[in-house]
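One structure below.
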Amino acid sequence: MRKIVIALSVLMALTSCVSKKKYAELEAKNKEVQDLLNSCTVKLNTCLEEKAGLAATAQSYKEHNQDLISSSKDLTVLTTKGAENLEKSLESLKEKDLKISRLQDALTKKDSVTLALVTSLKGAVGISDPDIEINVEKGVVFISIADKLLFKSGSYDVTDKAKTVLAKVAKVVNDKPDFECMVEGHTDNVPYKSNGVLLDNWDLSVKRSTSIVRVLTNDLGVNPAKLIAAGRSSYVPLVANDTPENKGKNRRTRIVVMPKIDQFYDMIEKEMKKQAK
């Protein structure tokens, strides 16, 4: 059985920019994949136990038949009953070995899938920058971009340099028509001084998210129906907001790429073929 873990990791309550229906769909997908992994694990453990029992039975039959051979005048013939039992046990053991092998292959691919998907996306984005990170958590791809590459301090206007980076992200999204992307804005814990339009860090994080979405759609041709805008304010920090450096790490925009299962397998298959050459 060949399955892969696709989980949608959408953390806690999104702002009003994300519909409850969309959030519920993502949670349902995540639960489906988790249930599948749990089921595979249970089946694997059961098969391993049955294999051990069958191996012990087969060994017992072998020892019994050896005793019969030793005590029999005709050392070339096993008893009919012993031979039949041994043949059935060995056949059953082969079937269990095959099932276990398939389950182990499916579970082992989990680690290689993660590595292959990250490699594939990094190659497609073509970015090598310490302020840009690409990783996979439970089958969901996260592209995290430091705000210093996207905005000036306290601003939500996208810089020209940011558009170069976002053009590479847009290429990945446009090349995968069945992908959906959530753009999450994150701030540090320094209170935002209201300017009459934005009241606080909630407003700033959401506004930065919608600014990125507008660049992706208006300037870079991404289908708006594939994008979700969200703001998390300062409530999901990567590190403690206790130094200027750490605050800089927490000010970021995270693009969450959510592939469907068929697209996920397609990417992995292509990447595995590349690695095999």
Side-chain angles (χ1 to χ4, degrees), residues 6 8-11 14-19 21-23 25-26 29 117-137 139-187 197-198 201-233 236 238 249-260 263-264 266-267:
I6 307 270
L8 302 174
S9 176
V10 179
L11 302 176
L14 299 177
T15 67
S16 58
C17 296
V18 183
S19 69
K21 180 179 178 181
K22 175 63 67 176
Y23 184 74
E25 289 175 354
L26 296 178
K29 289 181 182 178
L117 186 53
V118 172
T119 302
S120 177
L121 278 174
K122 283 186 175 179
V125 175
I127 296 174
S128 178
D129 193 307
D131 294 315
I132 301 173
E133 294 183 359
I134 301 176
N135 56 68
V136 174
E137 298 174 14
V140 179
V141 182
F142 298 95
I143 303 174
S144 185
I145 307 173
D147 271 4
K148 66 182 180 181
L149 297 182
L150 303 177
F151 310 101
K152 293 182 179 179
S153 177
S155 171
Y156 52 82
D157 293 327
V158 180
T159 65
D160 291 335
K161 181 179 180 180
K163 293 179 181 180
T164 301
V165 175
L166 293 175
K168 297 179 181 295
V169 175
K171 182 179 183 304
V172 173
V173 178
N174 288 331
D175 286 346
K176 310 296 179 183
D178 292 331
F179 279 32
E180 289 184 336
C181 294
M182 179 181 297
V183 181
E184 288 183 352
H186 296 259
T187 70
V197 178
L198 304 184
N201 282 335
W202 276 113
D203 282 353
L204 179 61
S205 65
V206 173
K207 188 62 178 175
R208 285 181 168 179
S209 173
T210 55
S211 294
I212 295 297
V213 165
R214 288 191 179 95
V215 171
L216 291 173
T217 56
N218 297 339
D219 299 342
L220 301 173
V222 176
N223 182 358
K226 298 171 60 177
L227 299 175
I228 304 167
R232 306 303 299 273
S233 187
V236 191
L238 294 176
K249 291 180 180 179
N250 291 330
R251 295 191 301 270
R252 67 199 188 280
T253 296
R254 189 169 73 162
I255 300 175
V256 185
V257 183
M258 299 172 286
K260 295 183 179 180
Q263 290 285 326
F264 190 83
D266 181 61
M267 287 186 66

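- Screening residues 143-152 for salt bridge (charged side-chain N to carboxylate O under 4.0 Å, His left out) gives Asp131-Lys148, Asp147-Arg208 as the qualifying pairs, with residues at least two apart or on separate chains.
- Atom CD1 in Ile132 sits 9.5 Å away from atom CD1 in Ile255 (nearest 0.5 Å).
- Every side chain to side chain contact (heavy atoms under 4.5 Å, CB included) that Asp157 has, sequence neighbours left out, goes to Ser155.
- For the residue pair Gly185 and Ser209, the shortest heavy atom distance occurs at N-CB, 4.1 Å.
- Closest approach of Asp203 and Val197 over heavy atoms only: OD2-O, 4.2 Å.
- Here CG of Leu216 is found 6.0 Å from CG of Leu227. Values are rounded to the nearest 0.5 Å.
- A distance of 8.5 Å separates NZ in Lys163 from CG in Leu220, rounded to the nearest 0.5 Å.
- Side-chain atoms of Ser144 never come within 3.5 Å of backbone atoms of Glu133 as a donor-acceptor pair (strictly under, hydrogens ignored).
- Expressed to the nearest 0.5 Å, how far CG of Leu166 lies from CD1 of Ile145 amounts to 5.5 Å.
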Task: Audit row: Thr253, Phe151, side chain to side chain contact (heavy atoms under 4.5 Å, CB included) steps and yes/no - done: CA-CA 10 Å; Thr253 296; Phe151 310 101; 3.8 Å; yes
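- To the nearest 0.5 Å, atom CZ of residue Arg214 and atom OH of residue Tyr156 are 9.5 Å apart.
- Within the 3.5 Å criterion, the main-chain N or O of Val158 finds no donor-acceptor partner in the side chain of Ser211.
- Arg252 and Lys249 get closest at one heavy-atom pair: CD-O, 3.6 Å.
- Within the 3.5 Å criterion, the main-chain N or O of Val173 finds a donor-acceptor partner in the side chain of Lys226.
- Residues that satisfy the side chain to side chain contact (heavy atoms under 4.5 Å, CB included) test with Thr187, not counting sequence neighbours, are Asn201, Leu204, Ser205, Ser233, Ser234.
- Under the side-chain hydrogen bond (donor to acceptor under 3.5 Å, both in side chains) criterion, Asn250 pairs with Asn241, sequence neighbours left out.
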